[in-house]
Amino acid sequence: MGEKILVCIAWPYAKSVTHVGQIVGSILPGDIFARYNRMIGNDVLMVSGSDAHGTPITVEADQEGVEPDVIVERYHPKILEVWEKLDIQWDLYTKTTTPNHYAVTQDVFLKLLNNGYLFKDGAIAPFCPTDNRFLQDRYILGECPNCHYGKARGDQCEECGHLLEPQQLMNPYCRICGSKTSSIEFRETEHFYFNLPLLQDKLQTWLNAVSAQWRPNVVNFAMNWLKEGLKPRAITRDLNWGVPIPVAGFENKRIYVWFDAVIGYLSASKEWAQLQGRPEAWREWWEVTPENPRPSRSYYFIGKDNISFHAIFWPAMLIGYENLVLAYDVPANEFMQMGGHKASSSDGNVVWTPDALARYGGDALRYYLTISMPETHDSNFSYEELVRFNNDELVGVFGNAAHRVLTFTHKNYGATVPTPGEFTAEDKALLEISHNVFELSGKAIAAVKLREGLAESMNAARAINKYIDEQAPWKVMKTDKQRAGTVLYTVIQALGALRITLTPYIPAAAQRLHELLGFSGLVKDTPWQFAEVLAGQALPEPKPLFTKFDPPAAAEPETAKTEAAK
RNA sequence: GGCGACGUAGCUCAGUGGUAGAGCAAAGGACUCAUAAGCCUUCGGUCACUGGUUCGAAUCCAGUCGUCGUCACCA
């Protein structure tokens with residue numbers, strides 16, 4: 001058995017069906033990485049789920065006049081459908097409303113409390129007498145003291161961008177009841193704080209040791225945060241939606257979402273273990289012991305907005321809990337813009353994943369999103385580019401290489417893999433490429449350079465087309481059928497290699513090629529290594545691997561705003 | 001405003017001290033097995049700008065401009 005690999009993927013809000021920016025930023029890179037690791041024989045546990053406790057969900061629930069759980073239960077099943085169509089191979093995709101997650105969150109809370117990392121402190125918070133509840137900053141509106149915009153929020157004025165404290169707002173009022181007659185009060189309340197300064201040194205030591213290979217934006221961001229000095233951070237709120245606080249006197253408060261969401265990685269691992277019928281199995285990935293100081297390599301696939309939570313707060317929580325494995329790498333991606341502008345679901349400037357899937361399917365979407373993955377800087381989504389990459393590269397380069405050879409073999413060699421004769425230098429060169437692509441692409445994927453890993457396979461596909469043109473088996477066959485058969489055999493070996501190396505990227509297409517080459521079983525369970533396609537192996541009737549698409553109509557908007565999809 | 005990442009051919013991007021690269025787009029050519037796909041050739045860049053270090057800078061340093069993120073109640 002190989003190494004234990006823990007693939008943790010950022011938890012999407014359960015208030016939409018996910019947009020392609022979320023897919024390209026964390027879901028897809030995690031899936032590609034996990035699939036590769038399974039194929040090289042590593043023992044992968046890949047988990048995530050829907051985050052139910054985010055503020056946007058309570059805002060939406062308040063607007064609709066329903067319980068937050070109604071919003072969650074509306075979207076969670078739709079999200080599961082998206083994973084199905086996108087071929088995301090989870091070990092478990094759960095949600096933060098499970099009893100298990102509540103229990104694990106409370107356990108972490110109590111452990112940190114007992115270990116001395118939490119403390120209580122008073123705070124002054126805005127309170128609405130009409131609704132009889134404390135208000136979060138963004139539930140308060142008022143006049144901005146800076147630009148005098150009338151609907152500034154308690155945390156920030158959207159008009160001038162000024163960061164605000166609720167007390168600074170002029171004529172503040174409650175966003176829920178809208179009452180301007182009963183003025184907002186500022187009442188005393190009490191909360192638990194996570195004493196991050198106590199963990200500063202241990203965090204620094206850990207980061208210094210582990211981050212040498214991390215992406216520069218992640219390392220610099222985290223290091224800078226530590227350099228400025230950590231401050232205690234409140235982890236409870238005056239809310240009624242979230243994980244209850246397991247301490248007497250705090251019945252009307254909840255653990256705040258940023259604290260419980262990251263615990264999801266641990267709670268999901270435990271839930272997975274229970275579902276396996278091996279409730280202790282999660283320890284194999286998580287539990288640090290003297291004999292096993294690094295039970296697994298854990299990777300956190302997130303967007304750049306999430307670096308502080310995964311490179312600072314969550315590691316601090318794990319250190320405070322003791323004996324749980326810390327991140328091995330946090331390969332945060334930059335953002336994918338939409339039509340040249342920042343993606344924003346509130347502005348409608350997003351492409352919903354189900355829309356993109358309905359139009360072009362999983363292969364084309366996965367391929368395009370990988371090609372344009374924002375690994376080093378922001379990228380940009382457009383349907384036009386998606387169609388172009390599908391037509392030029394999937395259809396034209398890879399699909400064509402497979403189809404031209406398989407149809408030719410089918411017509412002229414009795415639908416079996418021809419028996420090769422002597423190999424020429426050119427044959428050996430292509431066979432060498434077919435062997436090397438495993439190491440070249442694998443090395444890139446292992447280093448989480450996923451675009452590069454895909455490029456290695458596509459370079460091999462280009463080499464196939466070049467070789468076919470140079471060898472011209474349709475010409476050679478007229479005088480030397482044995483020689484032309486050797487050429488076809490050679491190309492089929494190269495296709496056999498690509499059906500494996502492309503599996504993490506476009507699993508459905510790779511499976512189709514697997515079958516077109518006469519194999520049974522699942523290519524995703526095939527080891528990541530060269531395997532000969534044996535001479536004499538029967539080949540089924542060839543079919544094109546991919547479908548060509550018409551370019552999208554020019555007038556068509558780049559971002560769909562279908563209410564139904566959301 | 002502070003901090004960080006990024007800014008390279010029309011487009012998407014690689015390249016972190018030694019004579020500027022790939023794919024696509026564009027132009028031309030040879031071929032015909034293939035979803036008129038594929039192959040070959042050509043065209044195309046004062047590497048955001050200014051200054052500095054160096055024998056030598058896309059690459060290191062400083063500043064400027066632009067994009068994005070973050071700054072502790074968005075996650």
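Numbers restart at 1 for each chain; the letters A, B, ... are given by sequence-line order, proteins then strands.
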Glu393(A) meets the salt bridge (charged side-chain N to carboxylate O under 4.0 Å, His left out) criterion, sequence neighbours left out, with Arg462(A)
Only one of Arg483(A), Glu426(A), Lys466(A) forms a side-chain hydrogen bond (donor to acceptor under 3.5 Å, both in side chains) with Gln471(A), so which one is it? Arg483(A)
Residues Arg187(A) and Asp238(A) bridged, charged N to O under 4.0 Å: no
Could you tell me how far apart Leu226(A) (CG) and rC3(B) (C1') are, to the nearest whole angstrom? 13 Å
Show the numbers, then the answer: is there a ring-ring contact (aromatic ring centres under 6.0 Å, His included) between Phe119(A) and Tyr117(A)? CA-CA 7 Å; Phe119(A) 65 88; Tyr117(A) 293 111; over 10 Å; no
Between rG52(B) and rG1(B), how far apart are the two P atoms, rounded to whole Å? 27 Å
Can you tell me if Gln493(A) uses its side chain to pair, donor with acceptor, with the backbone of Thr490(A) under 3.5 Å? no
Take the protein atom CZ of Phe335(A) and the nucleotide atom C1' of rA75(B), then report the distance between them rounded to whole Å. 10 Å
Give every donor-acceptor pair under 3.5 Å between a side-chain atom in residues 444-458 of chain A and any protein atom, sequence neighbours left out.
residue   : atom : partner   : partner atom : Å
Arg451(A) : NE   : Glu375(A) : OE1          : 3.4
Arg451(A) : NH1  : Met373(A) : O            : 3.3
Ser457(A) : OG   : Thr501(A) : OG1          : 2.8

Does Arg388(A) come within less than 4.0 Å of Glu385(A), counting only side-chain N to carboxylate O? yes
Donor-acceptor under 3.5 Å (Glu384(A) side chain, Pro552(A) main chain): no
Taking Arg215(A) as the fixed residue, which of Asn220(A), Asp329(A), Asn333(A) is the one that meets the side-chain hydrogen bond (donor to acceptor under 3.5 Å, both in side chains) rule? Asn333(A)
Which heavy-atom pair separates Leu199(A) from Ile319(A) by the least distance, and what is that distance? CD2-CG2, 3.7 Å
Atom P, compared across rC73(B) and rC68(B): separation rounded to whole Å: 25 Å
Counting distance only, does the side-chain N/O of Asn465(A) pair as donor-acceptor with the main-chain N or O of Val397(A) below 3.5 Å? yes
Closest nucleotide of RNA chain B for Glu228(A) versus for Lys231(A): which of these residues is on the 5' side? Glu228(A)
When the ring centroid of Tyr360(A) is compared with that of Tyr368(A), is the distance short of 6.0 Å? no
Reading RNA chain B 5' to 3', what string of ( ), [ ], | and . shows its pairs, if Watson-Crick and G-U wobble pairs count only when both distances fall under 3.5 Å? ((((((((.[[[[.)..(..]]]].((((.........)))).....[[[[[..)....]]]]])))))))....
Could you tell me the separation between the CD atom of Glu456(A) and the C1' atom of rA22(B), rounded to a whole number of Å? 12 Å
Can you give the donor-acceptor pairs under 3.5 Å from side chains of residues 307-316 of chain A to other protein atoms, not counting sequence neighbours?
residue   : atom : partner   : partner atom : Å
His310(A) : ND1  : Asn306(A) : O            : 3.0
His310(A) : NE2  : Tyr265(A) : OH           : 2.7
Trp314(A) : NE1  : Tyr300(A) : OH           : 2.9

rC3(B) C1' sits how many Å from Trp225(A) CH2, rounded? 10 Å
Measure CZ/Phe194(A) against P/rC73(B) and give the value in whole Å, please. 14 Å
rC6(B) and rA48(B), which share atom name C1', separated by this distance in whole Å: 11 Å
Which residues pass the ring pair (Phe, Tyr, Trp, His ring centres under 6.0 Å) test with Tyr102(A), sequence neighbours left out? His53(A)
Not counting sequence neighbours, which residues clear salt bridge (charged side-chain N to carboxylate O under 4.0 Å, His left out) with Asp480(A)? List them please. none
I'd like the P distance from rG69(B) over to rG10(B), given in whole Å. 27 Å
Counting the atoms with a prime plus P, OP1 and OP2 as sugar-phosphate, which does Trp11(A) contact under 4.0 Å by heavy atoms, base, sugar-phosphate, or nothing? nothing
Between the protein and nucleotides 26-28 of chain B, list the N/O to N/O atom pairs that are separated by less than 3.5 angstrom.
none

Euclidean distance for C1', rA57(B) against rG51(B) (whole angstrom): 13 Å
Produce a footprint string for nucleotides 32-39 of chain B: one letter per nucleotide, 5' end first; B if the base is under 4.0 Å from any protein heavy atom, S if only the sugar-phosphate is, - if neither. SBBB-SBS
Want to settle it: does Tyr256(A) or Gly229(A) sit nearer the 5' end of RNA chain B, counting the closest nucleotide to each? Gly229(A)
Note: Lys95(A)-Asp69(A) ion pair, threshold 4.0 Å (strictly below): no
What distance, rounded to whole Å, do you find between the two P atoms, one in rA62(B) and one in rG2(B)? 15 Å
For the backbone of Asp51(A) and the side chain of Thr96(A), can you confirm whether one donor and one acceptor N or O come within less than 3.5 Å of each other? no
Using a cut-off of less than 4.0 Å, is there contact between a side-chain N or O of Arg237(A) and OP1 or OP2 of rC73(B)? yes
With the threshold set at under 4.0 Å for non-hydrogen atoms, list the residues of residues 299-317 of chain A touching RNA chain B in residue-number order. Lys304(A), Asp305(A), Asn306(A), Phe309(A)
Please confirm whether the backbone N or O of Phe192(A) pairs with a side-chain atom of Lys253(A), one donor and one acceptor, at under 3.5 Å? no
Nearest-Å distance, CZ (Arg187(A)) to C1' (rC73(B))? 19 Å
Atom P, compared across rU70(B) and rU8(B): separation rounded to whole Å: 23 Å
Examine the side chains of Ser372(A) and Ser379(A) and answer whether a donor and an acceptor come within less than 3.5 Å of each other. no
Looking at residues at least two apart in the chain, or sitting in another chain, which of them share a ring pair (Phe, Tyr, Trp, His ring centres under 6.0 Å) with Phe335(A)? none
How does each nucleotide of nucleotides 6-16 of chain B score, in 5' to 3' order, for protein heavy atoms under 4.0 Å: base (B), sugar-phosphate only (S), or none (-)? S----SSSS--
Rounded P spacing from rU59(B) to rC43(B) in Å: 27 Å
Output the rounded distance in Å from CE (Met458(A)) to C1' (rC24(B)). 12 Å
What integer distance in Å separates Phe221(A):CZ from rG2(B):P? 17 Å
Listing time: all N or O pairs from protein to nucleotides 59-64 of chain B that are below 3.5 Å?
none

